[in-house]
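Fair warning: this is a prediction, and the values are worked out from it, not measured in the lab. We use all heavy atoms of the structure for the numbers below, so side chains are in, but hydrogens, waters and symmetry mates are not. By convention here, the first residue in the shown sequence is residue 1.
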Amino acid sequence: MSIVPLPGGLNRRECLAALAAAGVALPLSRFARAADDKERLKVAAVITEFTYRSHAHVILENFLEPYLFNGQPTESGMDVVSMYVDQFPEGDMARDVAKRYGFTIYPTIAEALTAGGSDLAVDAVLSIGEHGHYPVNDHWQMEYPRKRFFDEIAAVLEASGRSVPIFSDKHLSYRWDWAREMYDTSRRIGAPLMAGSSVPLAQRFPVMEIPSGAKLTDAVSIHGGGVESYDIHGLEVLQSIVESRAGGETGVASVQFLEGDALWDAAEAGVWSPELADAAMSAELGPGQPPLRRLVDAAIVNPTPPHAIIVTYRDGFRATMLTVGSSGTRWNFACRVEGEAQPRFCRFYVGPWQNRNLFKALSHAIQTHF
């Protein structure tokens with residue numbers, strides 16, 4: 001399989017010209033960059049696997065061809081020129097895509113960054129350590145090789161005496177000490193490092209904005225997936241809103257993981273609010289939704305027990321990330337603003353192509369970073 005083809009088999013430049021001739025508005029800065037190959041950034045992609053709807057697919061398709069961003073045809077202004085692939089499972093797309101778009105898959109990360117030579121040969125690196133077959137530890141975390149990818153990328157930059165921007169998909173590592181080391185290394189070698197994912201970029205229904213500087217008294221973010229794959233999204237949804245509260249972000253004082261009976265004991269003790277979680281779920285399910293506990297205890301995507309993460313911030317504010325049921329597109333939020341009788345709530349709507357639409361906004365953010 002390949003990336004969604006351009007109309008009539010046109011290449012990138014022909015497609016842009018056809019769109020312009022048809023009167024479709026194009027972002028001028030990106031179109032101008034596309035007109036001059038000498039200005040195009042060269043990108044190396046370091047990935048775990050490339051299968052249909054894997055993160056490699058739904059990110060890279062927005063680098064290889066024009067895509068819609070805010071309703072406008074958008075061109076990346078950069079070219080994927082090399083790739084390292086860690087695994088080639090059944091349904092692999094990497095070889096076909098490399099052939100179609102004219103870049104080489106190298107056997108090592110170092111060769112992908114140097115185009116088989118001895119010096120750094122790219123202007124940016126996409127590190128996509130998501131999907132594939134890797135060990136799962138006792139905390140239900142998939143041990144993706146993001147730290148190994150980063151270390152090998154950093155080694156090439158250091159040896160070349162030149163640093164370029166890096167994007168590392170999702171969170172940095174399943175180990176805190178490794179995540180901290182990646183951050184410290186990027187600072188030491190001067191490589192701009194971006195990490196994260198896509199859900200906070202989704203549309204909010206109903207439309208909800210928290211006034212900058214509003215005092216929040218409580219907040220909850222809800223998702224329907226597992227620890228390794230989805231908790232990061234739930235935490236990002238939470239943080240994307242609460243960081244605008246009065247006083248701004250102050251940092252985190254403690255994190256508590258709750259599951260099983262301890263989850264409901266904490267609710268009875270007032271550590272987190274089932275009523276606020278009900279408000280968040282109403283944005284998705286509407287009135288007459290099932291009782292929260294029945295939804296929470298429903299089987300979920302991974303063999304992971306229902307759980308919550310309680311985040312206590314340095315300013316005393318406390319917020320909750322909660323798993324509810326089984327859904328790959330469940331992203332709900334609710335909070336209480338001091339002085340308001342009713343909570344504010346919304347769902348983060350991912351669009352008609354499941355979560356795939358989100359990666360267009362994320363890809364645009366990565367391209368801006370590069």
Check: Step by step, would you call H139 with F257 a ring-ring contact (aromatic ring centres under 6.0 Å, His included)?
Finding: CA-CA 11 Å; H139 302 292; F257 187 92; 8.5 Å; no
Extract all donor-acceptor atom pairs below 3.5 Å that involve side chains of residues 200-218 and protein atoms in other chains or at least two apart in sequence.
unit_1: R204; atom_1: NH1; unit_2: M208; atom_2: O; d: 3.0
unit_1: D218; atom_1: OD2; unit_2: R336; atom_2: NH1; d: 3.2

Checklist line | Donor on one side chain, acceptor on other, T74 and Q72, under 3.5 Å | finding: no
Check: What distance separates E259 CD from I309 CD1, expressed to the nearest 0.5 Å?
Finding: 11.0 Å
Could you tabulate the donor-acceptor pairs under 3.5 Å formed by side-chain atoms of residues 230-237, not counting sequence neighbours?
unit_1: Y230; atom_1: OH; unit_2: G328; atom_2: O; d: 3.2
unit_1: D231; atom_1: OD1; unit_2: H223; atom_2: NE2; d: 2.8
unit_1: D231; atom_1: OD1; unit_2: H307; atom_2: NE2; d: 3.0
unit_1: D231; atom_1: OD2; unit_2: H307; atom_2: NE2; d: 3.1
unit_1: H233; atom_1: ND1; unit_2: S197; atom_2: OG; d: 3.0
unit_1: E236; atom_1: OE1; unit_2: S197; atom_2: N; d: 3.4
unit_1: E236; atom_1: OE1; unit_2: S197; atom_2: OG; d: 2.2
unit_1: E236; atom_1: OE2; unit_2: S197; atom_2: N; d: 3.3

Check: Would you call D151-K147 a salt bridge at under 4.0 Å N-O?
Finding: yes
Margin query: Nearest 0.5 Å, please: how far is OG in S127 from CG in L172?
Written below: 9.5 Å
Check: Are any of the side-chain heavy atoms of M321 and V311 separated by less than 4.5 Å?
Finding: no
Check: Are R95 and E49 close enough for a salt bridge, meaning some N to O gap below 4.0 Å?
Finding: no
Next item on the list: Check whether any side-chain heavy atom of V46 lies under 4.5 Å from a side-chain heavy atom of L113, and answer yes or no.
Entry: yes
Margin query: Could you report the tightest heavy-atom contact between W272 and L263, atom names first, then the distance?
Written below: NE1-O, 2.8 Å
Check: Can the ring centroids of F167 and H369 be said to lie less than 6.0 angstrom from one another?
Finding: no
Margin query: Between F359 and I366, is there a side-chain heavy-atom distance shorter than 4.5 Å?
Written below: no
Next item on the list: Using the test salt bridge (Lys or Arg N to Asp or Glu O under 4.0 Å), find all partners of E340 that sit at least two apart in sequence or belong to another chain.
Entry: R344
Checklist line | Side-chain donor or acceptor of K360 paired with backbone N/O of I59 under 3.5 Å | finding: no
Item checked: Presence of salt bridge, K170 and E130, under 4.0 angstrom -> yes
Check: Think R245 forms a cation-pi with Y313, using NZ or CZ under 6.0 Å from the six-ring centre and within 45 degrees of its axis?
Finding: yes
Next item on the list: Any pair with a residue in residues 183-203 that passes ring pair (Phe, Tyr, Trp, His ring centres under 6.0 Å), sequence neighbours left out, goes on the list, sorted by first then second residue, please.
Entry: none
Next item on the list: Under 4.5 Å between side-chain heavy atoms, chaining through other members, with only Ile, Leu, Val, Met, Phe, Trp and Tyr counted: pull out the rest of the cluster around L68, sorted by chain and number.
Entry: none
Note to self: Quick check for you: to the nearest 0.5 Å, what is the distance between T250 atom OG1 and R314 atom CZ?
What the structure shows: 7.5 Å
Note to self: For a 4.5 angstrom cut-off between non-hydrogen side-chain atoms, does V242 reach F317?
What the structure shows: yes
Check: Can any side-chain N or O of S54 pair as donor or acceptor with the backbone N or O of F50 at less than 3.5 Å?
Finding: no
Note to self: Measuring only between side-chain heavy atoms, which start at C-beta, is V43 closer than 4.5 Å to V122?
What the structure shows: no
Item checked: Qualifying residues under salt bridge (Lys or Arg N to Asp or Glu O under 4.0 Å), relative to D261, sequence neighbours excluded -> none
Next item on the list: Could you tell me whether the side chain of S168 reaches within less than 4.5 Å of the side chain of F150, counting heavy atoms only?
Entry: no
Next item on the list: Flag the pair V164 / L157 as yes when at least one side-chain heavy-atom distance between them is below 4.5 Å, and no otherwise.
Entry: yes
Margin query: How long is the straight-line distance from CG of L358 back to CH2 of W331, given to the nearest 0.5 Å?
Written below: 9.0 Å
Item checked: Under-4.0 Å salt bridge between R175 and E181 -> no
Next item on the list: Measure the spacing between CG of L322 and CG of L258 and express it to the nearest 0.5 Å.
Entry: 10.0 Å
Checklist line | salt_bridge(R40, D123) N-O dist < 4.0 Å | finding: no
